[in-house]
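Computation of the quantities below employed the complete heavy-atom set of this structure, encompassing side-chain atoms and omitting hydrogens, waters and symmetry-equivalent molecules. Start at 1 and go down the list; that is how both ligands and their atoms are numbered.
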Amino acid sequence: MTEPTPTTTTIPIIYLNDPDEASNVAKLRQCCLEHGFFYLGGHGMEDIFPKMFAESQRLFELSQEEKLGLYDAKMSRGYQALGSETLDPVLSKHGDSKEGFYIGNHIPVTDKRYNPAKLKGPNVWPTADNCSLEKPTQFVDTMQEYHSRASAAGLQVIQLLALALGLPNKHDLDHNFTENWATVRLLHYAAVQSQPQEGLFACGAHSDYGMITLLLTDENPGLQILSNQEWVDVPPKKDLFVVNLGDMLERWTNGMFRSTMHRVVTTGDQERYSVPFFYEPNFDAPVECLSVCCSEENPAKYPPTTAGQHILDKYNQTREDFKSD
Ligand SMILES: O=C(O)CCC(=O)C(=O)O
Ligand SMILES: [Fe+2]
């Protein structure tokens, strides 16, 4: 594919507190059919955004040696080094020019829900014993608060999506989302100029594996989506999330709602911080064609699976460092 100058597309804004639910749902349905992307406002989380960037920056300023110690491959939590992930193995000739830190729902080993085979376990938290981060509890408290508030916003998005799919009640999918299975991924992009023709990307082209992603970015541009075979800029908008639909939702909806390819290309002028939040159904939730999405003329295109199996399959296909049981 050639690399023409990217254009900007008009991606609609959906507000969680929009009083006109019917028109909001109609607009959402259209975005999900067309782009698989939308901006999200009315979530009430603006106050924590600057704290997230401040804490993320503090963490990434630790020495490389300290960061490398903060990692648990089995649970897929903690630090991921610069260049260690290649989200587009086809076009990339270098690892993505970013480092990351994964934080899930923290379930201590003493908790009866602890089950590493189902990715239910503790986070790798920075502490006074394992690194030199000042006020490590401030980092932990901010991340825990963000995880819980973004999970509540994620559920509200699922409720609007239920209506957008034509389900009779907005709570019809709620029972699949009781475990708060979600991952906060802190990302720090190096001030490196992406060179798509040379296979150098800040984050290579990919679609997200899971159900929905609530993406928080700083004021630096870089995100692009593939629309009609063209890379189109999705500029950052203050206080709004960029939400995108993942492969699991595409599967649940029999291909009706789109999981769109996206990537990040950076100019090299500044570093860039972002925080994708991956919101998933319960590990054992069935992922099979929803009744409103298939019919005799449009039979199920994918065999049934579960949310957990779908995610484990994706991790095993794409992450060399991942070691599940
Ligand atoms: O940093 C961004 O803007 C996007 C990151 C992303 O797409 C991902 O982590 O899945
Ligand atoms: Fe993504």
N, O or S from C203 under 2.8 Å to the Fe ion (ligand 2):
no
Tell me whether the count of non-hydrogen atoms from other residues, nucleotides or ligands lying under 6.0 Å of NZ in K135 goes above 12.
no
Can you tell me if N254 uses its side chain to pair, donor with acceptor, with the backbone of C294 under 3.5 Å?
no
Residue-ligand contact R272/ligand 1, heavy atom below 4.0 Å:
yes
Numbered in order shown, the ligand 1 atoms found under 4.0 Å of a heavy atom of H262 are 7 (O)
At a non-hydrogen distance cut-off of under 4.0 Å, which region of K98 contacts ligand 1 (side chain, backbone, both, or neither)?
neither
Hey, do the aromatic rings of F177 and Y279 have their centres closer than 6.0 Å?
yes
Is it true that R251 and E288 make a salt bridge, defined as a side-chain N closer than 4.0 Å to a carboxylate O?
no
For Y189, counting its heavy atoms only, list the atoms of ligand 1 lying under 4.0 Å from any of them.
1 (O), 2 (C), 4 (C), 5 (C)
With H188, the side-chain hydrogen bond (donor to acceptor under 3.5 Å, both in side chains) member among K98, Q57, E271
E271
When you measure from the Fe ion (ligand 2) to each N, O or S atom of H262, which atom gives the shortest distance?
NE2
Checking heavy atoms under 4.0 Å, the part of D208 that sits near ligand 1 is side chain
With side chains defined as the heavy atoms from C-beta onward, is the minimum distance between K170 and V25 less than 4.5 Å?
no
Y146 vs F241 aromatic rings, parallel, tilted or perpendicular, using cut-offs 30° and 60°?
perpendicular
Considering only N, O or S atoms, which atom of D208 is nearest to the Fe ion (ligand 2)?
OD1
Tell me which part of R263 gets within contact of ligand 1: side chain, backbone, both or neither, using heavy atoms under 4.0 Å.
neither
By number and element, which atoms of ligand 1 are closer than 4.0 Å to a non-hydrogen atom of F278?
9 (O), 10 (O)
Is ligand 1 under 4.0 Å from a heavy atom in the side chain of T213, in the backbone, in both, or in neither?
neither
Quick check on the 6.0 Å ring-centre criterion: do H147 and F277 meet it?
yes
Salt bridge flag under 4.0 Å for residues R263 and D88:
no
At what distance is the nearest protein heavy atom to atom 9 (O) of ligand 1, and which residue and atom is it?
R185 NH1, 2.6 Å
Proximal atoms of ligand 1 relative to S274 (non-hydrogen, under 4.0 Å)
1 (O), 2 (C)
Can D18 and K27 be counted as an ion pair, charged N to O under 4.0 angstrom?
no
V264 heavy atoms within 4.0 Å reach ligand 1 at atoms 1 (O), 2 (C), 3 (O), 4 (C)
Numbering as shown, the atoms of ligand 1 that approach L187 to under 4.0 Å (heavy-atom distance):
1 (O), 5 (C), 9 (O)
In ligand 1, which numbered atoms sit nearer than 4.0 Å to a non-hydrogen atom of H206?
6 (C), 7 (O), 8 (C), 10 (O)
